[in-house]
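The structure displayed is predicted, hence computed values, not measured ones.
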Amino acid sequence: MKKRILVVAGVMSLSTVFAQDLTSKKGETILPEADDWSIGIDANPLLNYFGRMLSGAGSTAPTFEFLDGSLMHIVGKRFTDANTAQRAILRLGFGSAHSTAMIADMTATAPTFPAVPAMLEDKMTASYKHIGLGAGIEKRRGSTRLQGLYGADAMLVFMGTSEKYEYGNGLSATVNAATGSTGFTSSIMTGGSNITTDTYGNAARVTEAKSGSTFGIAIRGFIGAEYFFLPKISVGGEFGWGLMFSSTGASSYTTESFNPGTNNAGNQTIEGGKSGGMAIDVDQNLSGTGSGTLRLNFHF
């Protein structure tokens, strides 16, 4: 009985909210105006929250989610008038992390019990960058709470990762890369390790590794709709279709190794292949501002 009362009350509330008045009872404007700003989030967590409440399946707290979960871009708008908005797409991501490991000093004299063996430090530093910049124009149609929208976006993306290694033990006839170095986990090297072999088959250790830097450009048109269920708060979505070019440069890694035959250490830099492509497709297969997901939009 209580659930029925709640459902009826919810329907009555929604019917009141969804009325086509363009101002609230407090006189607040429902639709966006010139100089308003807007930010959009994924509406699915909120809709799932209320849907599970009504179904009795149990709800978890809704979360504030990016529109595009894979690219993690911030998408915002600025209205120049009631029917036109400038759109901005932004991601500026830079980061680094380092780890160290202790390894025995291969040149030290073996200690006498209970002395501690001499140790040296190996260090790994990893860094990444992900830059996404975009802009667009949005036009609107409709004079009620239901608004149609259409327009175009353009976007640039640049990203890449790198790793550097420093070793405590130098290489010699008695200290090679395998025995005198700590094995770190690498996200760039094939096999996931900084210990490898050179082109002559000698044990080698990586001193620097770089993924190929990726550059992309996308241009898309979009069409969608929004419904303003509260003053300056709407739910809606859009579909897009566009063109994307992408290019990934050659990856590379530099190693150092010791050759017993020539009795000297040396460095090698190995480059990988390059890739690139072009596609004309819908948002679900291109990098854009969304892939048909529902959005919750806040205007202020």
Side-chain angles (χ1 to χ4, degrees), residues 2-55 59-69 72-91 134-153 220-240 283 288-300:
K2 289 183 178 179
K3 284 189 176 179
R4 291 181 180 178
I5 294 173
L6 287 173
V7 171
V8 171
V11 171
M12 293 178 64
S13 298
L14 289 175
S15 63
T16 301
V17 168
F18 290 169
Q20 292 299 318
D21 295 333
L22 298 183
T23 57
S24 69
K25 292 181 179 180
K26 295 181 179 180
E28 300 167 310
T29 303
I30 301 293
L31 303 180
E33 304 170 287
D35 295 326
D36 277 359
W37 291 67
S38 172
I39 187 169
I41 64 171
D42 187 354
N44 289 319
L46 190 66
L47 295 175
N48 288 337
Y49 175 74
F50 287 110
R52 288 172 181 169
M53 284 182 64
L54 294 176
S55 70
S59 294
T60 56
T63 54
F64 210 79
E65 296 285 351
F66 288 92
L67 284 177
D68 189 326
M72 300 294 187
H73 290 115
I74 299 172
V75 180
K77 307 176 190 177
R78 177 183 176 275
F79 284 80
T80 56
D81 58 52
N83 297 314
T84 308
Q86 300 167 335
R87 295 159 59 110
I89 306 162
L90 176 66
R91 177 177 175 179
I137 190 75
E138 175 182 300
K139 301 293 290 185
R140 289 173 168 265
R141 291 181 60 84
S143 56
T144 65
R145 289 174 179 257
L146 180 62
Q147 299 269 294
L149 54 93
Y150 62 94
D153 290 325
R220 67 186 285 269
F222 61 85
I223 188 168
E226 278 185 78
Y227 191 92
F228 287 82
F229 60 93
L230 287 173
K232 304 295 181 76
I233 301 178
S234 66
V235 63
E238 65 186 46
F239 292 103
D283 279 346
T289 57
S291 55
T293 56
L294 284 172
R295 305 176 175 197
L296 188 63
N297 302 296
F298 301 93
H299 304 76
F300 45 90

A.B. asks: When you compare the side chain of D35 with that of R78, does any pair of heavy atoms fall below 4.5 Å?
C.D. replies: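 R78 reaches D35 side chain to side chain.
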A.B. asks: For F228, is there any backbone N or O sitting under 3.5 Å from a side-chain donor or acceptor partner on R145?
C.D. replies: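 Indeed, once roles are kept as given, a pair shorter than 3.5 Å links the two residues.
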A.B. asks: Locate the shortest heavy-atom distance separating R140 from A82; write the atom from each residue and the value.
C.D. replies: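 For R140 versus A82, the nearest heavy atoms are CD-O, 4.0 Å.
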A.B. asks: Please round to the nearest 0.5 Å and tell me the distance separating atom OG of S234 and atom CG of L149.
C.D. replies: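 Between atom OG of S234 and atom CG of L149 there are 9.0 Å.
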A.B. asks: Say you draw a straight line from CG of L90 to CD1 of I74; how long is it, rounded to the nearest 0.5 Å?
C.D. replies: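 Rounded to the nearest 0.5 Å, the CG-CD1 separation comes out at 5.5 Å.
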A.B. asks: Would you say the side chain of D36 lies within less than 4.5 Å of the side chain of K232, judging by non-hydrogen atoms?
C.D. replies: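 Side chain of K232 against side chain of D36, heavy atoms only: contact under 4.5 Å found.
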A.B. asks: Please tell me if the side chains of N297 and I233 come closer than 4.5 Å, counting only heavy atoms from C-beta onward.
C.D. replies: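 No, every pair of side-chain atoms sits at 4.5 Å or beyond.
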A.B. asks: How close do V235 and F229 get, counting heavy atoms only, and between which atoms?
C.D. replies: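 Looks like N-CE2, 3.8 Å.
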A.B. asks: If you define the side chain from C-beta out and look only at heavy atoms, does anything of E138 sit under 4.5 Å from K77?
C.D. replies: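 Yes; the side chains approach each other to less than 4.5 Å.
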A.B. asks: Going from CG on L230 to CZ on F298, what distance comes out if it is rounded to the nearest 0.5 angstrom?
C.D. replies: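 Reported value, rounded in 0.5 Å steps: 10.0 Å.
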A.B. asks: Can you see whether F222 has R87 sitting over its ring - NZ or CZ less than 6.0 Å from the centre and within 45° of the normal?
C.D. replies: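 That pair qualifies as a cation-pi contact.
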A.B. asks: Any donor and acceptor pair, going by atom type alone, linking the side chain of E28 with main-chain N or O of K25 inside 3.5 Å?
C.D. replies: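 A pair under 3.5 Å: no.
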A.B. asks: For I39 and V75, run side-chain contact (heavy atoms from CB on, under 4.5 Å): C-alpha distance rounded to whole Å, both residues' side-chain angles, the deciding distance at 0.1 Å, then the answer.
C.D. replies: CA-CA 6 Å; I39 187 169; V75 180; over 6 Å; no
A.B. asks: Does a side-chain heavy-atom distance below 4.5 Å link F79 with H299?
C.D. replies: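 They are in side-chain contact.
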A.B. asks: Run the numbers on R295 and E238 for salt bridge (Lys or Arg N to Asp or Glu O under 4.0 Å), then give the verdict.
C.D. replies: CA-CA 9 Å; R295 305 176 175 197; E238 65 186 46; 3.5 Å; yes
A.B. asks: Please check: side-chain N/O of T29 versus main-chain N/O of L31, any donor-acceptor pairing under 3.5 Å?
C.D. replies: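 No, the answer is negative, given that no donor and acceptor are paired below the 3.5 Å cut-off.
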A.B. asks: Specify the closest pair of heavy atoms between I30 and P231, including all atoms of both residues, with the distance to one decimal.
C.D. replies: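 Smallest interatomic distance, heavy atoms only, reads CD1-CG, 3.7 Å.
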